[in-house]
Structure formats: structure tokens, C-alpha cells
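Take a look at the structure below.
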Amino acid sequence: MRIEPIIKVSKINHYYGTGQLRKQILFDISTEIQAGEIVIVTGPSGSGKTTLLNLIGALSSVQEGSLTVLGQELNRANNKLLENVRKNIGFIFQAHNLLTSLTASQNVQMSLALHGGISKREAERKAQAILEMVGLGERVNYYPNQMSGGQKQRVAIARALVTNPSVILADEPTAALDKKSGRDVVEMLQYLAKQQGCAILLVTHDNRILDVADRIISLEDGFLTSSKNTSSNNSHRLASLKGELINHVEDLSLKDFLSLLQQVTGEFQSFLSLIDNEATGKCLEEIIEAITLKITHLLQAERSTIFIVDDTSGNLWSEIIQSNRKKILKVGITAHFGVAAHVAATRECLNIPIALQDYRYSPAIDEQTGYQTRNILCLPILNSQSKVLAISQVLNKIGNNCFDRKDEQLLGEFSQQISAIFDMWCHLQKLHKTSISGKY
Ligand code: ADP
Ligand code: MG
């Protein structure tokens with residue numbers, strides 16, 4: 001299986017100046033960066049690091065060669081496309097570039113506002129949450145000049161990450177910081193990026209932070225002189241696998257999807273108890289989201305939901321309803337009755353062609369979501385001891401048909417293949433009782 005890198009630089013040349021003053025700055029640069037990977041670019045001052053970063057960030061235009069970011073070719077791209085690519089990138093510069101007349105929270109909210117589509121209240125909530133994650137929960141209403149260099153740079157990180165970018169570009173983010181704050185800032189960046197599965201390209205000549213990289217590339221006088229792999233850690237592999245799973249869920253064949261899912265599950269198991277529960281829970285949620293998306297696609301359904309069985313209460317809950325295409329609806333739902341609860345209790349597979357005529361169908365959820373269910377296919381996801389871990393439910397076969405035997409079989413097989421994920425979820429619930437199940 002071939003998975004496209006998130007950034008692909010191929011035979012890039014770059015020049016500044018015109019006529020006699022034209023000077024070549026970058027020479028035949030080629031490299032690739034995968035989702036979830038942290039790559040450090042080193043090299044002496046003037047070697048072309050910032051120039052390369054600006055090209056990748058769609059901040060200056062590609063002159064020669066090919067550069068694809070998130071699957072988009074930037075060479076000869078129009079402004080609209082460049083702007084779209086930039087929206088998926090978080091930028092962090094040497095000078096923090098915070099607006100001094102705005103508080104930490106307002107600086108972060110500004111980044112959300114530029115992306116649009118978010119209410120003021122939601123922006124405030126997100127800003128607060130991410131500032132807490134960078135350890136500035138107490139300083140949300142401070143102005144930049146009331147904060148230390150390290151704190152300001154952490155606000156800049158929060159601002160870059162709050163929109164969940166797929167790529168972070170950081171140009172000498174520790175240059176203005178002392179050793180300890182520099183280290184803190186980079187570790188924070190590393191931690192958050194791994195959590196969100198985003199790729200980081202970090203320019204630095206600070207040797208003290210090279211160890212956070214999965215790979216180091218060096219530039220000298222515009223030539224790429226070496227590219228070393230330093231990656232050995234599990235969580236990087238997981239983040240990158242997870243990124244692939246989620247970003248390519250529709251393009252992957254069923255076989256590739258399942259084999260990637262199996263890899264993710266394996267990696268996950270190996271360090272389940274090592275990393276903190278919030279991060280693991282979040283990561284599993286995303287994987288379940290990808291699975292839900294795949295099911296919708298596979299069964300040609302309008303919607304699908306996976307209900308998880310809460311071990312203590314026996315309730316079913318779901319946070320994610322997958323509507324057609326990539327639109328994820330997040331609606332917290334607890335099912336005490338209805339089709340899913342029936343399946344949980346009986347372990348039967350239910351295929352209901354006309355929902356309204358079935359006594360087990362309960363219109364309460366439709367009333368809550370404003371949706372109209374026509375037909376339902378619903379199956380239990382069991383572990384090897386036949387315990388019900390979750391329920392997978394698809395609604396409304398596209399094209400006015402109903403689900404047939406083949407769909408039942410397909411969903412049945414798929415449910416078997418994914419049961420390990422839910423087994424892990426149960427395990428995690430037990431390990432960290434409070435934060436996972438407490439949420440719901
Ligand atoms: P680095 O980030 O590695 O220090 P830069 O990419 O900033 O290197 O610069 C590489 C070379 O390009 C330097 O010689 C610099 O003087 C030159 N340069 C950078 N920006 C410009 C520009 N806008 N116009 C002309 N020359 C530039
Ligand atoms: Mg530079």
C-alpha cells in the first residue's frame with residue numbers, strides 16, 4: 001500500500017532577484033514528510049531554511065520543481081488554492097508575533113475567527129482549553145507584555161494549534177528563549193502535535209532540541225546535505241498511522257483500511273497504559289470516528305452510529321453520528337431503548353426495512369436530531385467471549401432501497417474485524433474510570 005506523504009518536495013530550485021542580481025538560493029531540494037512526523041531542518045544562517053519553509057507554507061510561490069502539500073500542487077497554484085492550503089497550516093515564528101493589544105485568549109481566538117464558522121462563545125471555550133493545555137490556564141487574560149518570552153511562545157503555539165492544522169511550520173521558535181524555556185516550548189509542541197497527529201517542520205540551529213525530531217535534514221548553501229532518521233518511538237508511529245487512517249478513510253480499499261486498522265490497534269496496545277488517559281481516549285475516539293465513516297461509505301448508508309456499551313451502567317452511548325460524506329455530526333446520544341438497545345440485549349442482527357412499522361424503533365432520537373429514519377441495519381460487536389462491546393447501526397440505504405443480505409454479511413464481517421478496538425476501549429474505561437466514562 002502506498003500512502004501519500006503530507007508534504008512532498010521534489011527538485012525544488014529557488015532564486016531571489018532578477019537580471020544580473022538573480023541568485024540561486026535553493027538547489028534541487030527533494031524530501032517527503034509523513035503525517036505525524038517531526039522533522040527538524042538545521043543549517044547555518046543564510047543556508048535557505050526560511051526560504052524553504054516559506055515555500056512549503058504557501059507564503060511564497062514555487063518557481064521550479066514540484067511541491068505538494070496535503071495533496072495540492074503549489075507550483076502554479078492560484079491564490080484561492082494557496083489560501084486554502086495555508087488554512088491547514090499552523091505557523092510559529094521566531095518572534096512570537098502576538099498582537100500586543102490583545103490578551104492571550106484574544107490572540108488565540110483571532111486565529112479561530114480567521115478560519116470562520118465558529119461562534120464567539122465556542123471560540124472563547126476553545127481558546128481557554130488550548131491555553132490550559134499549554135499550561136497558561138491562569139494567564140488567559142494577560143497581555144503579551146505581562147508574560148515571559150517562554151509564555152508568549154506558548155501562546156503562539158496555542159494559536160497555531162487551536163484550529164487543528166495538519167501541518168505546523170515553526171521557524172526558530174526557541175531563538176529568543178533561554179535554554180530551559182526553549183526546551184519546554186519544544187516539548188510542548190511535540191506533545192500536542194503527537195496528540196493531534198499533525199506533521200511538524202521545525203527550523204532551528206539549536207542543537208539542544210534535535211532529539212525531539214523523528215528526522216533531521218540539513219541545508220548548506222542551499223543544498224540538502226543529509227537526512228537522518230532518528231525515529232524510534234512508538235507514539236510517533238501511532239500518530240502517523242492514525243493520521244493515515246483518518247485522512248484516507250474513503251480512498252483506502254477495505255483490505256488496506258483493515259490492515260492499517262490492525263497496525264494501529266497493535267501499536268496502541270503496546271503502550272496503552274503508558275500515556276495519559278485523555279490523550280489515549282481522544283485518540284481512540286478519532287479511530288472510532290474513522291471506522292464510523294468507513295461503515296457509512298461501505299454500506300452506502302446515509303448515516304451510521306457506533307454505540308459503546310458502558311461497562312458500569314450497561315447504557316449505550318455515542319457521541320458521533322456519521323452523516324453522508326465527510327460531515328461528522330457530533331450529538332451525544334444515550335440509548336436506553338430502541339433498536340440499538342434491543343440488539344445489545346439480544347445480540348441479534350436486526351435488519352428493519354420499514355422503521356416506522358417496527359415496534360422496536362423509537363422515534364425519540366430522530367426527534368432530537370430532526371432526521372427521518374426509513375430503514376435500519378443494526379448489529380452487535382462482540383469480543384471473543386461473546387460479550388457485547390458496542391453496537392454498529394446504519395440508517396437509510398442510499399437510493400430508497402433497504403439493506404440486503406449482502407449488507408448484513410459485510411457489516412457482520414467488518415464488525416468482527418474491528419472488535420479489538422472496542423476491547424481496548426473497555427480496557428481503557430477500566431483503567432481510567434473517571435475521565436473516559438465520566439464524560440458521558
Ligand atoms: P536561513 O533561514 O537559513 O537563514 P534564508 O532562507 O533566510 O536562510 O536566506 C537564504 C539566502 O537568501 C540568504 O543569502 C539571504 O540573504 C537570501 N534572501 C532571503 N530572503 C531574501 C529576499 N527576500 N531577497 C533576496 N535575498 C534573500
Ligand atoms: Mg531563517
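Side chains are part of it too, since the values below use all heavy atoms of this structure and drop only hydrogens, waters and symmetry mates. Just so you know, ligand 1 is whichever comes first in the structure, and atom 1 is the first atom listed for that ligand.
At least one heavy atom of Ser47 sits less than 4.0 Å from an atom of ligand 1. Look at Gly48 and you'll find a heavy atom under 4.0 Å from some atom of ligand 1. Residue contact check for ligand 1: Gly222 places no non-hydrogen atom closer than 4.0 Å to it.
Inside a 4.0 Å radius of atom 7 (O) of ligand 1 there is at least one protein heavy atom. Distance remark: protein heavy atom present below 4.0 angstrom from atom 21 (C) of ligand 1.
When hydrogens are left out, the protein atom nearest atom 4 (O) of ligand 1 is Gly46 N, 2.7 Å; that is the closest non-hydrogen contact. In this structure, atom 12 (O) of ligand 1 lies nearest to the protein heavy atom Ile25 CD1, 3.2 Å. Shortest contact from atom 19 (C) of ligand 1 to any protein heavy atom: Tyr16 CE1, 3.3 Å.
For the side chain to side chain contact (heavy atoms under 4.5 Å, CB included) criterion with Ile418, the lone passing option out of Ile381, Asp423, Ile287 is Ile381. Evaluated for a side chain to side chain contact (heavy atoms under 4.5 Å, CB included) with Lys11, the options Leu67, Ile29, Asp28 yield exactly one hit, Asp28. Among Leu202, Ile56, Leu52, the single residue meeting the side chain to side chain contact (heavy atoms under 4.5 Å, CB included) criterion with Leu169 is Ile56.
Close approach of ligand 1 to Pro44 is summarised as follows: ligand atoms under 4.0 Å from at least one heavy atom of the residue are 3 (O). For ligand 1, the atoms closer than 4.0 angstrom to any heavy atom of Thr50 are 1 (P), 2 (O), 6 (O), 7 (O).
Among the atoms of Thr51, no N, O or S atom falls under 2.8 Å of the Mg ion (ligand 2).
Contacts between Thr51 and ligand 1, counted as non-hydrogen atom pairs separated by less than 4.0 Å, involve both the backbone and the side chain.
Leu74 has its side chain within reach of Leu82: a pair of non-hydrogen atoms, C-beta onward, lies under 4.5 Å apart.
A side-chain donor-acceptor contact under 3.5 Å links Thr103 and Gln106. There is a side-chain donor-acceptor pair under 3.5 Å between Thr373 and Asp366. In the model, Glu132 has a side-chain atom that pairs as donor or acceptor with a side-chain atom of Gln128 under 3.5 Å.
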**Message:** Checking Glu83 against Lys87 for the salt bridge (Lys or Arg N to Asp or Glu O under 4.0 Å) test, could you report, in this order, the C-alpha distance in whole Å, the side-chain angles of both residues, the deciding distance, and whether it holds?
**Reply:** CA-CA 6 Å; Glu83 200 178 298; Lys87 277 196 172 173; 5.2 Å; no

